[in-house]
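Remarks on the structure that follows.
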Amino acid sequence: AQSVTQLGSHVSVSEGALVLLRCNYSSSVPPYLFWYVQYPNQGLQLLLKYTSAATLVKGINGFEAEFKKSETSFHLTKPSAHMSDAAEYFCAVLSGSARQLTFGSGTQLTVLP
Amino acid sequence: DVKVTQSSRYLVKRTGEKVFLECVQDMDHENMFWYRQDPGLGLRLIYFSYDVKMKEKGDIPEGYSVSREKKERFSLILESASTNQTSMYLCASSSMGDAREPQHFGDGTRLSIL
């Protein structure tokens with residue numbers, strides 16, 4: 001069964017600093033991977049997805065993620081944090097015939113002024 | 001844009017009540033999902049459906065059931081609500097046709113069982 005591990009349940013960065021949120025997956029087949037963001041009292045919004053076309057994936061709001069098969073990782077980065085980036089971020093891997101998602105436990109990002 | 005609508009943002013019920021959470025999507029998606037979200041646990045799949053009148057158990061189905069009588073609507077039912085079912089519930093939908101298409105989520109229902 002596929003699984004996702006997000007290292008660090010809470011990450012704090014200063015405004016303007018690099019954002020790095022870590023995600024490692026285990027999958028017996030080439031995975032489809034997703035990053036979602038959840039702002040307070042809202043549902044999940046897709047940030048970006050990896051579907052085997054390119055290893056560096058660009059998403060919305062300046063975020064990007066790099067798929068590294070050798071490290072089974074799909075870390076999310078943003079060069080310069082903005083206050084509006086404060087949210088919870090979830091990494092997920094697609095599995096199953098009905099396209100179920102298996103989620104990591106989430107990382108709460110705090111951006112300090 | 002895909003719209004997934006959950007009928008209630010906040011709901012308060014009492015122990016032992018039968019509770020219905022409703023979800024409607026407007027994109028003719030085949031797949032629909034119910035998750036619960038708890039701090040530190042991420043999202044856990046309760047049930048999903050890939051067609052009308054079809055349902056499959058997810059990772060934590062105990063205490064829940066679902067109904068999908070129409071393609072656009074997927075209901076989650078708490079047969080006899082208990083306090084440990086206090087949580088945020090999220091509905092999602094996706095297309096069966098292309099695995100690269102993401103799931104689209106509603107805004108969630110925050111359910112409190114007293």
Side-chain angles (χ1 to χ4, degrees), chain A residues 1-10 21-25 27 29-54 57 59-60 65 67 74 87-108, chain B residues 1-10 21 23 25 29-51 54-61 66 68 74 88-110:
Chain A
Q2 276 97 341
S3 66
V4 174
T5 302
Q6 291 183 241
L7 294 175
S9 58
H10 291 83
L21 305 183
R22 300 178 186 274
C23 173
N24 289 87
Y25 68 91
S27 174
V29 298
Y32 287 169
L33 293 159
F34 302 82
W35 274 100
Y36 282 87
V37 60
Q38 184 181 35
Y39 298 103
N41 297 316
Q42 293 186 23
L44 274 67
Q45 178 182 357
L46 181 70
L47 269 180
L48 49 81
K49 60 184 180 183
Y50 168 74
T51 58
S52 74
V57 181
I60 63 171
F67 173 72
F74 189 55
E88 189 156 23
Y89 293 79
F90 293 94
C91 183
V93 62
L94 192 71
S95 62
S97 58
R99 319 292 166 80
Q100 301 97 301
L101 284 175
T102 298
F103 284 87
S105 55
T107 298
Q108 182 69 47
Chain B
D1 271 358
V2 176
K3 185 73 173 175
V4 179
T5 303
Q6 296 185 229
S7 55
S8 304
R9 293 297 305 275
Y10 301 93
L21 304 183
C23 175
Q25 50 94 3
H29 283 165
E30 294 84 4
N31 302 326
M32 296 190 75
F33 307 84
W34 275 107
Y35 297 89
R36 67 175 281 175
Q37 181 182 7
D38 300 289
L41 297 177
L43 279 74
R44 294 178 291 167
L45 183 63
I46 304 171
Y47 267 97
F48 63 97
S49 167
Y50 52 87
D51 201 354
M54 304 300 290
K55 60 184 179 182
E56 295 285 345
K57 293 180 180 179
D59 299 320
I60 52 165
V66 290
R68 192 157 180 211
F74 192 35
M88 168 74 97
Y89 290 87
L90 290 163
C91 175
S93 72
S94 70
S95 170
M96 178 67 84
D98 187 346
R100 295 168 294 183
E101 286 300 311
Q103 289 185 14
H104 299 268
F105 285 81
D107 284 338
T109 296
R110 190 167 294 280

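These numbers come from the heavy atoms of this one structure, side chains and all, not from hydrogens, waters or symmetry mates. The sequence lines fix the lettering, A, B, ..., with proteins before strands; numbering per chain opens at 1.
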Chain B contact via A:Gln38 - side chain, backbone, both or neither, heavy atoms under 4.5 Å | side chain

Sequence-distant partners of A:Phe90, ring-ring contact (aromatic ring centres under 6.0 Å, His included), two or more places apart = none

B:Tyr10 versus chain A, the contacting section by heavy-atom distance below 4.5 Å | side chain

Toward chain B, the part of A:Gln45 with a non-hydrogen atom under 4.5 Å = neither

Would you mind checking which part of A:Tyr36 comes under 4.5 Å of any heavy atom in chain B, side chain (CB onward), backbone (N, CA, C, O), both or neither?
-> side chain

Reported CG-to-CG distance for the pair B:Leu45 and A:Leu101, which is rounded to 0.5 angstrom = 9.0 Å

Do you know the tightest heavy-atom contact between A:Ser105 and B:Gly40?
-> CB-O, 3.5 Å

B:Arg110 side chain to A:Asn41 backbone, donor-acceptor under 3.5 Å | no

Considering residues at least two apart in sequence or located in another chain, which fulfil the salt bridge (charged side-chain N to carboxylate O under 4.0 Å, His left out) criterion with B:Asp38?
-> B:Arg36, B:Arg44

What is the minimum heavy-atom distance between B:Phe105 and A:Leu44, and which atoms define it?
-> CB-O, 3.6 Å

Given that the side chain runs from C-beta out, which part of A:Leu46 has a heavy atom under 4.5 Å from chain B: side chain, backbone, both or neither?
-> side chain

Kindly give the heavy-atom pair with the smallest separation between B:Gln37 and A:Glu88, and that separation in Å.
-> NE2-OE1, 4.0 Å

So, A:Gln100 versus B:Glu56: side-chain donor-acceptor pair below 3.5 Å or not?
-> no

